Amino acid sequence: MISLRQRLKQSSNQTNSKLPAGPNDSQFLQTLWIILKPMNYLERIEKRYGDIFYSPPFAGIPAQIIISNPQAIQTLFTADPKLFNSGEGNKIIQPLVGSNSLILLDGERHLQQRKLLMPPFHGERMRTYGQVISETTENVITKLKLGQKFIARPLMQEISLTVILRTIFGLEEGERYQKIKKLLSGMLDIFNFPLSAVFLFFKFLQRDLGPFSPWGRFLRQRQQLDELLYQEIRERRNQPDSQGEDILSLLLLARDENGQPMTDEELRDELMTMLFAGHETTATALAWALYWIHYLPEVREKLLSELNSIDINNAEPMEIAKLPYLNAVCSETLRIYPIAFFTLARILQEPMEFMGYQLPKGMILSGCIYLTHHRPDIYPQPKRFKPERFLERQFSPYEYLPFGGGNRRCLGAAFAMFEMKLVLATILSHYSLELLEKRPLLPVRRGLTFTPAGGVRLRVKEVI
Ligand code: HEM
């Protein structure tokens, strides 16, 4: 079979066109750099080769073109969805989310499934989830005592996991809820520890060698979880009267263009997808926000004065979500260290002229969110945390893209922003916290996302 490298070469020869330039560091050095110093690595390459560069294959990651040029990003996000596939590039998470997962789908099925999944995440619907978010935050943080030290990331994860189980699955306290929570946390953790994640990368390790082998344990946990999820789905289908306002209830009522409901398998896979894509990302974003708010006293003061300008304890969630400085702080948090450094990969389905380059079928393009968010021509002094930039001007979806864009834009973007704002408002109005980090924190890789090294250590200074 002809390799992508050969195809690229053939294509370049045929069209006499040039592919973007890129580094040719030895694979080993490149791998080391990107693991140890991902930001420096990306910045170094961009400085040398520009904002559209070719990244050779390394450490199992295929060759691709990395872009941080807004015009190129616009071309990518607005291209005919038929030109690019993304789902086929995400096979690695199939054992967890199942083959019907939105993240794994392409073409017509992806479009159809997105149509079914979108409504619960839109505008007015958010109102319903506000109460749950604020209530959950209060329940989790009231365990904190005066003087207590804690690490923000796991605490935020406790909040985001509970929120997602309540808003998406409609699950409340009880035996099934506790079991699902425990099984899910265990399975999702697999992705965060390189050693245990090894078997996801290599198919030949995916063999059931009994309950104590990694793959065997994973399969047994997944089976237990599936039994609980299918029980929940079946019960709800059989009791239409007891349906609440959670996302599962809405999905049970959803019908496609032919009037068909989603199957149990589709429901299970999409629930797992939302859980996988939604809870760690939001928890990490919250940990970063708490870091910046307490690292820069002037940011905290401005935020408190804005929160105090409304009756925070009786305010409608929507009123809180509209506060301009709170919105600017959350936006700047996702700009400076985006949770995902890259968009999902886009795999070209036919040859294409792209920004003056001739790209062959099979070429992969990825938007680099980190580099785009650090362009000094769009964000002066990009290394500084300055929420004011979001009050001074509006950025286009090709300049500011923490949630990606186009036909693959994050399904939970509005939900995540809403959750961030309500959780932060609730914490800041209950506690005065002190940051225990003496040095600036940098992002480190955790599974597929980048999180603050050490998780952000804080201490309760005052209970309000
Ligand atoms: C701060 C929190 C979050 C961040 C930073 C984030 C970021 C992203 C990014 C960068 C993508 C890829 C988009 C692209 O390639 O264009 C994505 C996709 C996705 N996200 Fe999120 N996300 C967050 C929270 C959530 C939540 C709460 C949910 C669901 C409850 C969710 C569900 C999804 C799904 C289903 C996709 C795949 C969409 C598709 O393939 O069509 N995310 N997210």
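No experiment lies behind these values; they were computed from the predicted model shown. All ligand and atom numbering here is 1-based and tracks the order in the structure.
Considering only non-hydrogen protein atoms, atom 37 (C) of ligand 1 sits nearest to I103 CG1, 3.5 Å. Closest to atom 24 (C) of ligand 1 among all protein heavy atoms lies T281 OG1, 3.4 Å. Taking atom 32 (C) of ligand 1 as the reference point, the nearest protein heavy-atom neighbour is A277 CB, 3.5 Å. When hydrogens are left out, the protein atom nearest atom 27 (C) of ligand 1 is G278 CA, 3.5 Å; that is the closest non-hydrogen contact. Scanning all protein heavy atoms for the shortest distance to atom 7 (C) of ligand 1 gives P402 O, 3.7 Å. Ranking the protein heavy atoms by distance from atom 8 (C) of ligand 1 puts C410 CB, 3.7 Å first. Ranking protein heavy atoms by distance to atom 12 (C) of ligand 1, first place goes to L344 CG, 3.7 Å. Nearest to atom 6 (C) of ligand 1 among the protein's heavy atoms is F403 CD2, 3.6 Å.
For ligand 1, the atoms closer than 4.0 angstrom to any heavy atom of F121 are 30 (C). Every atom of ligand 1 is numbered from 1 in the order shown, and the set under 4.0 Å from a heavy atom of H110 is 39 (C), 40 (O), 41 (O). Listed by number with element, the atoms of ligand 1 under 4.0 angstrom from any heavy atom of G404 are 10 (C), 13 (C), 14 (C), 16 (O). Of all atoms in ligand 1, numbered sequentially from 1 with element shown, those under 4.0 Å from a heavy atom of R114 are 38 (C), 39 (C), 41 (O). Below 4.0 Å from some heavy atom of I168 lie the following atoms of ligand 1, by number and element: 30 (C). The I339 neighbourhood of ligand 1 comprises atoms 5 (C), with distances under 4.0 Å to a heavy atom of that residue.
Of the candidates R408, E419, R346, the one placing a heavy atom closest to atom 15 (O) of ligand 1 is R346.
The N/O atoms of G405, backbone and side chain alike, include one that comes under 3.5 Å of an N/O atom in ligand 1.
Ring geometry, H374 versus Y370: the interplanar angle falls under 30°, so the pair is classed parallel (tilted spans 30 to 60°).
For R375 and N69, the side-chain atoms include no donor-acceptor pair closer than 3.5 Å. Between T136 and N139, the side chains place no donor N or O within less than 3.5 Å of an acceptor N or O (distance only, hydrogens not considered). Counted by atom type alone, T284 and T451 present zero donor-acceptor pairs between their side chains at under 3.5 Å.
Taking all atoms of both residues into account, the shortest heavy-atom contact from L435 to V456 is CD1-CG1, 3.8 Å. Closest approach of S68 to E46, counting heavy atoms only: OG-OE2, 2.9 Å.
Looking at E158 and K181, a side-chain N of the basic residue comes within less than 4.0 Å of a carboxylate O on the acidic one, giving a salt bridge.
Heavy atoms of T284 found under 4.0 angstrom from ligand 1: none, in either backbone or side chain.
Aromatic rings of F395 and Y379 (six-membered ring for Trp) have centroids within the 6.0 Å cut-off, being under it. Aromatic ring centres of F385 and Y295: separated by at least 6.0 Å.
Contact annotation: the side chain of P317 never approaches that of I133 to less than 4.5 Å [non-hydrogen atoms, C-beta and beyond].
Enclosure of atom NZ in K383 by more than 12 non-hydrogen atoms of other residues, nucleotides or ligands within 6.0 angstrom is indicated.
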